[in-house]
Each structure stands twice: as C-alpha cells, then as structure tokens.
There are 2 protein chains.
Amino acid sequence: MLLLMARDQTRAKVHAAALLLALDANGAGPLTMEGIAARAGVSKQTVYRSWPSTGAVLFDALLARSADESGRVVVPNSGDLSSDLLALATGMIGELKDPLEEALLRALTADLQSDAVLAAQYRELLLGPQLSAISTRLSEAGVPASGDVAELFVGPIFYRWLLRTRPFDSEWVSAHVERIIRSIGR
Amino acid sequence: MLLLMARDQTRAKVHAAALLLALDANGAGPLTMEGIAARAGVSKQTVYRSWPSTGAVLFDALLARSADESGRVVVPNSGDLSSDLLALATGMIGELKDPLEEALLRALTADLQSDAVLAAQYRELLLGPQLSAISTRLSEAGVPASGDVAELFVGPIFYRWLLRTRPFDSEWVSAHVERIIRSIGR
DNA sequence: AGCTAACGAGACGGAGCGTCCAGTTTGGAG
DNA sequence: CTCCAAACTGGACGCTCCGTCTCGTTAGCT
C-alpha cells in the first residue's frame, strides 16, 4: 500500500471521495472500489494502482489526516494525572464525535473485521502508539501495570463508541477518569 | 427475521453451515448467502426465505445456541463480589476462546458494522441483557453507577478480544478484577 | 522538446446479489 | 387415507462489484 508514485492531487481526491462516501453511506451499504473511483472522478485503475482494497484507502486517508494535524500521539503531561486523563478522554471523545472522523473510523472498523493484514497494520501504526503513549504517561506517574491500565482507560470508551450502548456526556467522562484513578490504588 | 415457518431441520442445517463457513473462513473472505446455501445443501431460495442477510443467519444461529445451553445470562452471586467477577470474567473469556464461538462472533461483528438494524437487535437481545445482569449484581452489592462499572468491566475484555492487542491469561484476569474492585472505592 | 510515469476510458470473465418461476416433496388436518 | 398448503429444489434473470487487461492520452521533469 501507499505507493508513492501516486500524484499527490490524485491521492487527495481519492481520500476525499472515500471520506464522503463513508459519510453518507453511514451504516448502510459498504464502500466499493468502483464507487470510490467514480466519486473521485478517477479511473478504477488509478485506485487499484495505489490501494488493494477499500480498507487500505480508508487507512491511508486516516494516516494522511493525522499526519496533517499533529503527526504524533500526544498525551498531556501537566503533572496532575487526573486532569491529564480527563483532557485526554475529552479529546478522544471529541474526535469520535466529529461526523467525518466517526464515519471514517466506522467504515475502517468494518473492513478490519475481514482483513487480517490491514488489522495488523492498524494495531501497529495507530492503536499501538496510542496505547503506549498513554502507558508511558501512566508509567511516569508511577502507575504499575501501566499497559493494562491504559487498556482499562481506552477499552470502555471504545466499547461505548463501537456498540453505541449510550452516548458520551461530560459527567460520564469525569466519572470514568475517577474510576481509573481509584483503580490504580491512589 | 426468524420466520417460524422454516422447518427445524432446515434451520439447523443452515445454522451449521454458517458456523462451519465462519470457522474456516476465519479472517479471510466474508460469508456469502450462496456459500451458506451450498454448504448447507439447500436452495438459495430457502435461505432467503428465512433470513435477509448473512448477519441475520449468524445472529439467529447465536440465539439458537445460547437458548440451547442456558437461556439466560447468569451472573454468579456467592456474596463475594470479587470472586464472582473473577468467575464471570473467566467464563466470558472461555467462551471467547472457543474456536467455534469465536469464529461466529467475529463474523457477526463484521456484519454488524454495516447493518444498523442488526446492530440494534444485537444490542437489545444480547449486549443489553448481559450488561444489565452484571449491573444488577453490582447494584445488589451496593455499587453506585453500576451500569458504568459494568461497562468498565466488560469494555477492556471486549477491546482485547476484538483488537487482538494481547491474548488473555489468568494473571491479567485477576488483575483486571482487582482494578475493578478498587475503582468502586472499596 | 521529449521521455516516462501516471492517468482515463472501457472491456473482460467471474462471483455474488436478490428475485422470480415452475415443479416437487412433506407434514398435518379433516 | 386423502388432499391442501407450506416448505423446498433447481435453475434462470439482470444487476453490481470485483480485479485485471489494453490502448491511447496527459502531465511532470530534465
């Protein structure tokens, strides 16, 4: 994936088309390569030249977006763990609530379920860094088993988002952070 | 879904076919209605008569299985919350590790991502009861915000399983339960 | 100006979709 | 036992999307 021969403009067009399609296909039908090509005003061949599947397009689009805005996973470090976790959770949830980001992630998640290779890349390039950034922050605060605590922190957020059990609100977020803090025995 | 006209034998054959296909297609290609029909030795028409999609077949198969074995979500209640949660988590993880159950759930999860109706049914008929059973057990033990704590308990297990970040082992399970207990401020 | 990569247009065989039909089996009620 | 209705078979249908191929055109770089 991610052949660099693709003209930047073409790549951007394909990314945008995939995002828009994911946005208004939300929860309905799945993305198709032909649909992406048509929406991007681009030959099917051009899409296949650079990406093997719709999931790969989405993944690449996601990488391009995060590289644009920040580049790296940033976990706040003010010295106060509690307020840092609150800021982190609020930020994550804010991203998940952004319609475009949400559509992108849901469409990508759908593709991950039937593409083991893509799932592995997703873990290595996105999930892993995110988890280990949180884990590092926790570790610096002297939290034991910081990797597990990072999952305890992220897991329920992911669970709520993916399964849509209930919407996020600010009371829940702060209560969640309080539970995390208590769980580490402070 | 779940038209009762279907002959029991036919229904069983289709369920079995879907399970077997999910089992050895694991992570590779997606299930197809034609594949299920062929594997079940049944006309395509027969499958479409009773289920509108592969996800519906899987969901129905899952319901049939859980109705066979237990019927209801059972959360142990020995009076000792900690050991009950440990038993519960161990049981859940045991199910997730069973190859057939795992293949079924993963295939179903894949379909849920692009079928909003099915996802809603899944939440109402399976996730909801599971969460509220745990929540009730917690509530009886005097835990406040028991619904949120139930998600704190289930979320990381789901996260680990779905994203395959790391395998489950017994040390992690007991540490997880300990963190949950501490998080409720006991 | 000219070379080369990237691209556009469109065709291809194949798989799966979802629906239709006409004929056969099967189970139960009378 | 008979017979009727429901369930099932087998196959065909037009369609969308897949993934690959070819050929001719465009666009960037030197």
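We name chains A, B, ... by the order of the sequence lines, and we start the count at 1 in each one.
- Contacts between residues 32-45 of chain B and DNA chain C, defined by a heavy-atom separation below 4.0 Å, involve Thr32(B), Met33(B), Glu34(B), Lys44(B), Gln45(B), listed by number.
- Remark: P of dC20(C) and CZ of Arg49(B) are 13 Å apart, rounded to the nearest angstrom.
- Summarising the geometry, the separation between CZ on Arg11(A) and P on dC7(C) is reported as 11 Å, rounded to the nearest angstrom.
- Residue Arg7(B) places no side-chain N or O under 4.0 Å from the OP1 or OP2 atom of dT26(C).
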Would Ile184(A) and Arg179(B) count as a side chain to side chain contact (heavy atoms under 4.5 Å, CB included) here? Give the steps.
CA-CA 7 Å; Ile184(A) 62 187; Arg179(B) 279 187 287 269; 5.6 Å; no
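- One can place OH of Tyr48(B) at 17 Å from P of dG10(D), the figure rounded to the nearest angstrom.
- Atom-to-atom, NZ of Lys13(B) to P of dT26(C) comes out at 11 Å; the value is rounded to the nearest Å.
- For residues 162-176 of chain A, every residue pair satisfying the side-chain hydrogen bond (donor to acceptor under 3.5 Å, both in side chains) rule, not counting sequence neighbours, is listed here: Thr165(A)-Glu151(B).
- The shortest distance between side-chain heavy atoms of Thr109(A) and Gln113(A) falls below 4.5 Å.
- Looking at heavy atoms from C-beta onward, Phe153(B) lies out of side-chain contact with Leu138(B) at the 4.5 angstrom threshold.
- Leu23(A) is not listed as a side-chain neighbour of Glu102(A), based on a closest heavy-atom distance of 4.5 Å or more.
- Applying the salt bridge (charged side-chain N to carboxylate O under 4.0 Å, His left out) test to every pair with at least one member in residues 24-41 of chain A, sequence neighbours left out, gives these pairs: Asp24(A)-Arg39(A), Glu34(A)-Lys44(A).
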